[in-house]
**Q** 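There's a structure below that I have some questions on.
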Amino acid sequence: MPELFSGDLMVEERYDPKTVEQKWQNIWEEKGLFRTGADAAREKFYCLEMFPYPSGKIHMGHVRNYAIGDVIARYKRMQGYNVLHPMGWDAFGMPAENAAIKHGVHPSKWTYENIRYMKGQLGKLGLSYDWDREVTTCSPDYYRWNQWFFIKMMEKGLAYRRSSYVNWCPSCATVLANEQVIDTRCWRCDHAVVQKELEQWFLKITAYAEELLSSCDDLTGWPEKVVVMQRNWIGKSHGAEVDFTINGTDDMIRIFTTRPDTLFGATFLCLSPGHPLSAALVADSEGLEKVTAHYGKVDEKIGLFTGSYAVNPVNQEKIPIYIANFVLMEYGTGAIMSVPAHDQRDFEFAKKYGLPVREVITQSESSVSHVPGAELAEAYEGEGVLVNSGPFSGLASSEAKQQISAWLAEKGRGKKVINYKLRDWGISRQRYWGTPIPVIYCDACGIVPVSEQDLPVILPEDVKFTGTGGSPLLESESFLQVSCPKCGGRARRETDTMDTFVDSSWYFVAYCLGKDNITFSGKSLNPELSYWMPVDQYVGGVEHAVLHLLYSRFFTRVIRDLGITCASEPFTNLLTQGMVIKDGAKMSKSKGNVVDPDYLINRYGSDTSRLFSLFAAPPEKDLEWSDKGVEGAYRFLNRIWAMVQRHQNGLRAAASAGGKTSASDKGRALLKKTHQTIRKVTMDIEKEYHFNTAIAAMMELVNDMSGFEPFEDQDMRVFRFSVENLLLLLCPFTPHIAEELWERIGNGPSISQQPWPAWDENMAADEEVELVIQINGKLRGKLMISAGLPDEQVREIALKDSKIAEAIGQKSIRKVIIIKGRLVNIVIGE
RNA sequence: GCGAGAGUGGCGGAACUGGCAGACGCGCUGGACUUAGGAUCCAGUGGAGCAAUCCGUAGGGGUUCGACUCCCCUCUCUCGCACCA
């Protein structure tokens, strides 16, 4: 603790954040101040921050995230809303299991110990959560509903099992999520990841692709950037499927194209190496392997001629069939027609393998007569007018797309289709620390869902963690052995667990119901959910812009369609806060540039920590860490503390001026400044939560207040009015010191329960304004005039000013521009 | 490569709808108090100049009485997507 006052000089009690903060945290808890219940008579506000993974300790990113959320929650509470502000734990996940493998601690023990510690840390930050609604996703009470939703989705055909290629780490013997593959290697053991075909459970998010896309338009409270990312991820494109026959056979190759208007320009066909026909058509298995090895790599295009030809349905032309590394199996049909003149990738491929390039689209009438055989430098990918396209020549691209698609449909050789980039969501993980997928495999009955009354399928505790040989569940006989719910015969449980993104896709729904009260049934709408949903303000990192937010939007719709809620969208407003940066890089253990929140809170207290992280940058921007900046925030709170302490007796004695009484000139000025500050802080919070400028306004007020010596009663009453309002404004930001000083000037507890202050527009209005006078746009003078003067008079005053008159001299005045209450610009000639 | 966003003092950042560029904080300079000051308080602080003044919002052009703000071009940085046919 830095020495701020030497004992001899200061008689007042020193600001000791530790004592103050502990005191008020206890009081809040005892009084249950932040506990919430549904109350139809009051307007609700659901404020939510992304819950943390209990990794051990919170980091500065959490402090920032939760400080932002807490200001919003406290502000809305003071405004009279019934605020739901919950917190919980995203408690399943690989780190717990890795800790078990490495240190022999059970994931459960590790997780719950971390939760206990981190909960203590959040408590010390003074965050206004309703802990009665805490959720912990690794608790059976929670994950049983993952299982219930899964079964409901199976019933609706929204959960299904199929074989698919996955990222597989042979060393860890598990599937890796895409984001766990770093530069084609396993993030944990650095082993090369391979593509492996596995039976996987999928959730059919694609069934909602269209709705998820079209309702992006409704996400007006989200950052545009995030909405764009959602749209791109869903990736809708209009096009056509076209069937090419393989020459000399009856076999078909179905391709997808967004440019049916270029069909006459197709000079070859490409199959993905993973396409079922690839292996069938190619005799040279070594060559195929080579192409496969380069699959999905951006560096170069590699192809292999199959020796077969396809017949173009529109002109019966025979074109060669290639296998190409750049054709993705996961998108479209896994096969494309290649139009090198109008697709740059096809163009590069054609150049490399000496394949013909035929132009079928021209940009304008004048360039139709392109010299046949002349080298194209690159593909023309835009639209235009068709040439060399048989009966369709002369049509515009957009018209040709329609007509060619219609022609294909008529001949039974194709149709218009819509494709999405969005894939179904593979949720199977060969991991222990997750929700068991509630499915039983019976030799007689096949795949059987666990029946609802048998939920939850509990994750067994007594398992061994070796880190090799796959999921520990494979070794747990008591877990594996089960009787079939249908026939009663011997059966085996599914050992895969769910992706942890499932847990976080509906936790905001669980909060509405409250701890020990999470129950769903599709029988009728749930009144608690109807009251609270959707979340009014969601706050979190932009790194979840696609996955978590998209999955949550999907789940919310599934829950809606189960008849549980009416809400389609989970989050009305989204605030994505920036990263915490130090020395030019994101704070991270590996960079060694972390600041420990524990250290910060011990040294300066939570109010200072919160204040700094809110003051240093607007929430959506990155925050550059500064030790000196923290000192500045601490100094600010100390100044307030000292100021109130010094006048404590006077403040206690004075009744509030009620914002009306006239006092000394300085007193009136302070009164005005106070009203202006209330206005400014309120408007800055309302305007995209710009807390940094709100805090700056409070600093200005404090600067004015510290220069104010209230000798007379009237002035002291003004001063008290300023102090009270300052504390009220400060309350959402630095609640502990606000509470303490509020009490010390003789108010009852608690300031947190006071209404947000209102300003009086008349009191805030300036009676005098500074008039800026420009000549030809250059600043030439400033003077004070009374506010609201008519333009004529302002003009006169400006022209009469001696300096201005001198500057004008004999020159002619061409024009005078007057901006009310701001400036006069005099345009003069030579 | 494509898409989005950003570039303002020594630093973090302000600036309504086109109207005083640099609020507020940090740092720095000077002073007060002091045995001392890395505490606190007061004053100053974009650059150049004794000054009047001039120059300044990545760079260049434009629109305008007036541009950090609008338009065009160039450069740099950050983020997202990266062969989606």
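Order of the sequence lines sets the chain letters (A, B, ...), proteins ahead of strands, with each chain counted from 1. Values reported hereafter were calculated over all heavy atoms of this structure, with side chains retained and with hydrogens, waters and symmetry mates removed.
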**Q** Consider the side chain of A:T257, meaning its heavy atoms from C-beta on, and name the nucleotide among B:rG12, B:rC20, B:rA85 that approaches it most closely.
**A** B:rA85
**Q** Describe the nucleic acid contact of A:K421 in one word from base, sugar-phosphate, nothing, applying a heavy-atom distance below 4.0 Å.
**A** base
**Q** Quick one: the side chain of A:E770 and the base of B:rC20, do they pair up donor-acceptor inside 3.5 Å?
**A**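 Counting by modelled atom types and ignoring angles, a donor-acceptor contact under 3.5 Å is found here.
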**Q** May I ask you to verify whether the side chain of A:K225 and the base of B:rC79 hold a donor-acceptor pair under 3.5 Å?
**A**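 There is none.
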**Q** Tell me if the CD atom of A:E300 is crowded by more than 12 foreign heavy atoms within 6.0 Å.
**A** yes
**Q** Output yes when at least one side-chain N/O atom of A:T693 is less than 4.0 Å from OP1 or OP2 of B:rC24, else no.
**A** no
**Q** Answer yes when A:E330 and A:K421 have at least one side-chain N-carboxylate O distance shorter than 4.0 Å, and no when they do not.
**A**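 The answer is no: the pair does not qualify as a salt bridge.
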**Q** Look at A:D243 together with A:R254 and state whether they make a salt bridge at an N to O cut-off of under 4.0 Å.
**A**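 Salt bridge: yes.
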**Q** Do A:E383 and A:K401 meet the salt-bridge criterion of a basic N to acidic O distance under 4.0 Å?
**A**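 Yes, A:K401 and A:E383 are salt-bridged.
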**Q** Hey, is B:rG5 sitting syn or anti, using the within-90° cutoff around 0?
**A** anti
**Q** Output the rounded distance in Å from CZ (A:F612) to C1' (B:rG25).
**A** 9 Å
**Q** Indicate, with a heavy-atom threshold strictly under 4.0 Å, whether A:K687 touches base, sugar-phosphate, or nothing.
**A** sugar-phosphate
**Q** What is the distance, rounded to the nearest whole Å, between atom CG of A:N825 and atom C1' of B:rA67?
**A**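 That distance rounds to 13 Å.
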**Q** In whole Å, what is the span from the CG atom of A:D261 to the C1' atom of B:rA85?
**A**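 My rounded result for the distance is 13 Å.
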**Q** Taking only side-chain nitrogens and oxygens of A:R635, does any of them come within less than 4.0 Å of OP1 or OP2 of B:rC26?
**A**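 So the side-chain polar atoms of A:R635 do come within 4.0 Å of the phosphate oxygens OP1 or OP2 of B:rC26, strictly under.
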**Q** Assign each of A:G707 and A:H294 to its nearest nucleotide of RNA chain B by heavy atoms, then name whichever residue's nucleotide is nearer the 5' end.
**A**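 Its nearest nucleotide lies further toward 5', so the answer is A:G707.
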